[in-house]
Undergrad: 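There's a structure below that I have some questions on.
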Amino acid sequence: MASTIRHLSTTTKKISISKAKSRLRSEHDPDKALAIFSSASSNDSSPPFVSRYAQDLTVRRLAKSHRFADIESLLESHKSNPQIKQEPFLSSLIRSYGVAGMFDQALKTYQEMDQLGTPRSFISFNSLLSACIQSKLYNKVPVLFNEISEKYRVLPDKVSFGMLVKAYCEDGKPEKAIEVLEGMEKKGVEVTTIVCTPVLNCLYSKGKNEEAERFLDWMVERGCELDAVVYNVKISNAVNQGAERVKELIEEMKNSGLKPDTISYNYLMTSYCMSGMMEEAKKVYEGLRVHGCKANAATFRTLVFNSCKSGEYEKGYKIFKDSVREHRIPDFNTLKYLAKGLVEKKKIKEAKGLIHTMKKKFPPNLLNAWRKLEENLGLHSTEEDKEVKEASA
DNA sequence: GTAGGGTTAG
């Protein structure tokens, strides 16, 4: 596997990082992603965040295929780069390990900073906390926060505290999160809208609506602006109160000078779907562009899933084709649901087209899953497959 | 998107 990296990096033509980034967006095959990333020239004039983003995407593609050894050799190879002495560069490695859910390697990289000659501040500390959260080790975050900040004499900033708050919320402990916020106030660390948002989300998702409303007041008292994300959290809580209520909140959002985004409209769609109003949900989808929004993978996932749920598999298939065109493909389980439904409805050509496309789009480790599904559904390869290939191309 | 942080799983 590691030989793949060497092979690809020596045989591909050099391209710019920004070009690599846009190609990576639509490339789900980890080997091809790796080839694109390796061929991206590092002395490119692109700003640093472009290459950081490209690295994250590559790591994400590899992680989806469980290619952890490849991720390690890719990231470890950067430790011999002279830039490793710069904290942001090293921090990007820690963050990428987090993206892959490889917390042990993230921690190891943090501990290696002395020998690599990289100074520590809250930047790398925050990357480490971020890696811990990305790896879903929520209950480890408070321990890490205390031990690391003490051992390496790092002074946590508002972002560090924000991650502590987020971790407590993910761990289902909003009261601990609120204690952190109160502690920040005492220490004179700014309490921002961003640090508060996970708490609000947590309270709503636990059904503690009154507490959530009181918490919102608390935020406003501290001068936190209620921004689009806060509104989206409020909207998420209103999804099961009917689409009318969601629309009200979207109006309220506009009236306070905020622009509803794709996530806001996705919630509206979900709300329609929950009431069985599929036509209305589809209208929201079709109207996204008018509102200056673009459908994302969650948009397609929601629509495909709910089309299937209401037995409208052909409509689901049409939306699936849109998602392929937009390079925003729903997850495997949603598409499996669609494939099964199409077969049940004897839409064999569509089902074969779906599987044919997915075999090309999904990483190789899922190929077996698709083959198995193909077998279970009795979709054996036949003469008419040539026709299907043309139809799905 | 500009070092590191918040919202979408039915």
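Reckoned from all heavy atoms, side chains included, excluding hydrogens, waters and symmetry mates. Nothing here was measured: the structure is a model prediction, and the numbers come from that model. To find a chain, count down the sequence lines: A is the first, B the second, and so on, and within it residues start at 1.
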Undergrad: Take atom NZ of Lys158(A) and atom P of dA3(B), then tell me their distance rounded to the nearest Å.
TA: 13 Å
Undergrad: What's the CD-P distance between Glu225(A) and dG6(B), to the nearest Å?
TA: 20 Å
Undergrad: Side-chain donor or acceptor of Asp261(A) under 3.5 Å from a matching atom on the base of dT7(B)?
TA: no
Undergrad: What does Val233(A) touch in the nucleic acid at a heavy-atom separation under 4.0 angstrom: a base, only the sugar-phosphate, or nothing?
TA: sugar-phosphate
Undergrad: Taking the basic N atoms (NZ, or NE/NH1/NH2) and the acidic carboxylate oxygens, is any pair closer than 4.0 Å for Lys206(A) and Glu211(A)?
TA: no
Undergrad: Whether Lys166(A) and Glu170(A) form a salt bridge (side-chain N of Lys/Arg under 4.0 Å from carboxylate O of Asp/Glu) is what I want to check.
TA: yes
Undergrad: Taking the side chain of Arg301(A) as heavy atoms from C-beta outward, which of dT8(B), dT7(B), dG6(B) is closest to it?
TA: dT8(B)
Undergrad: Does the base of dG6(B) carry an N or O that pairs as donor and acceptor with the side chain of Asn201(A) under 3.5 Å?
TA: no
Undergrad: For Phe89(A), which residues count as a ring pair (Phe, Tyr, Trp, His ring centres under 6.0 Å) partner, sequence neighbours excluded?
TA: none
Undergrad: Below 3.5 Å, does any donor atom in the side chain of Thr192(A) face an acceptor in the base of dG5(B), or the other way round?
TA: yes
Undergrad: Are Tyr110(A) and Phe125(A) an aromatic pair by the rule of ring centers under 6.0 Å?
TA: no
Undergrad: Decide, applying a 5.5 Å centre-distance limit and a 30° plane-angle limit (both strict), whether Tyr53(A) stacks on dG1(B).
TA: no
Undergrad: In this structure, how many angstroms lie between the P atom of dA9(B) and the NZ atom of Lys136(A), rounded?
TA: 12 Å
Undergrad: Could you check how far CZ of Phe161(A) sits from P of dG6(B), rounded to whole Å?
TA: 17 Å
Undergrad: Categorize Phe305(A) for me: base, sugar-phosphate, or nothing, with a 4.0 angstrom heavy-atom threshold over every strand shown.
TA: base
Undergrad: Check every atom of dA3(B), dG10(B), dT7(B) against the side chain of Thr334(A) and return the nucleotide holding the closest atom.
TA: dG10(B)
Undergrad: Select base, sugar-phosphate, or nothing to describe what Val230(A) touches, counting heavy atoms under 4.0 Å on all strands.
TA: base
Undergrad: With respect to the side chain of Asp331(A), which nucleotide from dG10(B), dT8(B), dG5(B) is positioned closest?
TA: dG10(B)
Undergrad: Using atom P of each nucleotide, how far apart are dT2(B) and dG6(B) to the nearest Å?
TA: 13 Å
Undergrad: How long is the line joining CD of Glu87(A) and P of dA3(B), in whole Å?
TA: 13 Å
Undergrad: Who passes ring pair (Phe, Tyr, Trp, His ring centres under 6.0 Å) against Tyr337(A), sequence neighbours left out?
TA: Phe305(A)
Undergrad: Between Phe89(A) (CZ) and dA3(B) (P), how many Å, whole number?
TA: 16 Å
Undergrad: Students often get this wrong, so: under 4.0 angstrom with heavy atoms, is Thr193(A) touching a base, only sugar-phosphate, or nothing?
TA: base
Undergrad: Using the P atom in both, what is the distance from dG1(B) to dG5(B), to the nearest Å?
TA: 13 Å
Undergrad: Reckon Ser130(A) has a side-chain N or O less than 4.0 Å from the OP1 or OP2 of dG5(B)?
TA: yes
Undergrad: Mind calculating the distance between CG (Asn296(A)) and P (dT7(B)) to the nearest angstrom?
TA: 15 Å
Undergrad: May I have the distance from Tyr337(A) (atom OH) to dG10(B) (atom C1'), rounded to whole angstrom?
TA: 10 Å
Undergrad: What are the two closest non-hydrogen atoms of Ser92(A) and Gln55(A), and how far apart are they?
TA: O-NE2, 3.5 Å
